[in-house]
Amino acid sequence: MARAASLQADGVLRAGPSGIDLLGAEQAVRDLLRALGRDNREPGLRDTPRRVAAAFAELLTHEPVSLTTFANDSGYDELVVVGDIPFHSLCMHHLLPFHGVAHVAYLPGERIIGLSKLARVVELFARELQLQERLTMQVASCLQEHLRPKGVGVVIEAEHMCMSLRGVQKAGTRTTTSALLGLLRDDARTRQEFLSLVTK
Ligand SMILES: [Zn+2]
């Protein structure tokens, strides 16, 4: 089950306990290999269950993110855009990776936030079994909720291994999703400015 990230009393965002049973995952990989007709005793496969379990555990674990905000003392009221944030995640339908870049923007209200935190929020939600649409929405909602800006924009471009490896689409095909909130959705000029900054 997906867990919503929640802001703790110490101002740190965590997405619930990861609940990973490494030994159980190893056994499951052993069973999967057997069910796929593979011989677990083959030298190259002997350590595979342990490696696969560790790899999935890493892909589904993230560092807590401290979302400290600051008073917008200078009254900055133009778009803040951080583009080309690299990320990778796991498709919840196939357990295969999808990866790409996120472009995140907000229009400041009374608070601002460190630029690196925008990338950390992407990472926070990417390290989970995900759908690209949901990842996009979760990043936008999180910033809206914790920063209360005048608007938020998130565009994610990604390549999905479950599509490019299986011949549904050619390798290199990207899927683009966007989530626009507040003035980035409602004000045509602001929306256009954001989209022209992030789409090349
Ligand atoms: Zn998939």
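Below, each value reflects all heavy atoms present in this structure, side chains not excepted, and no hydrogens, waters or symmetry copies. In listed order, ligands and their atoms are each counted from 1.
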Assess, by modelled atom type and distance only, whether the side chains of Gln130 and Gln138 contain a donor and an acceptor separated by less than 3.5 Å.
yes
Checking Gln27 against Arg30: is there a side-chain donor and acceptor pair closer than 3.5 Å?
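Result is yes, a qualifying pair exists.
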Protein N/O/S atoms closer than 2.8 Å to the Zn ion (ligand 1):
Cys91 SG, His94 ND1, Cys162 SG
Would you say His103's side chain and Asp84's backbone share a donor-acceptor pair under 3.5 angstrom?
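Yes; at least one donor-acceptor contact below 3.5 Å.
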For atom NE2 of His88, is the number of surrounding heavy atoms from other residues, nucleotides or ligands below 6.0 Å larger than 12?
no
Please determine whether the number of non-hydrogen atoms from other residues, nucleotides or ligands lying under 6.0 Å from atom CZ of Arg34 exceeds 12.
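Yes, because the 6.0 Å sphere around CZ of Arg34 holds more than 12 heavy atoms from other groups.
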Cluster link Val80 to Ile85, ILVMFWY, side chain under 4.5 Å:
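In one cluster: yes.
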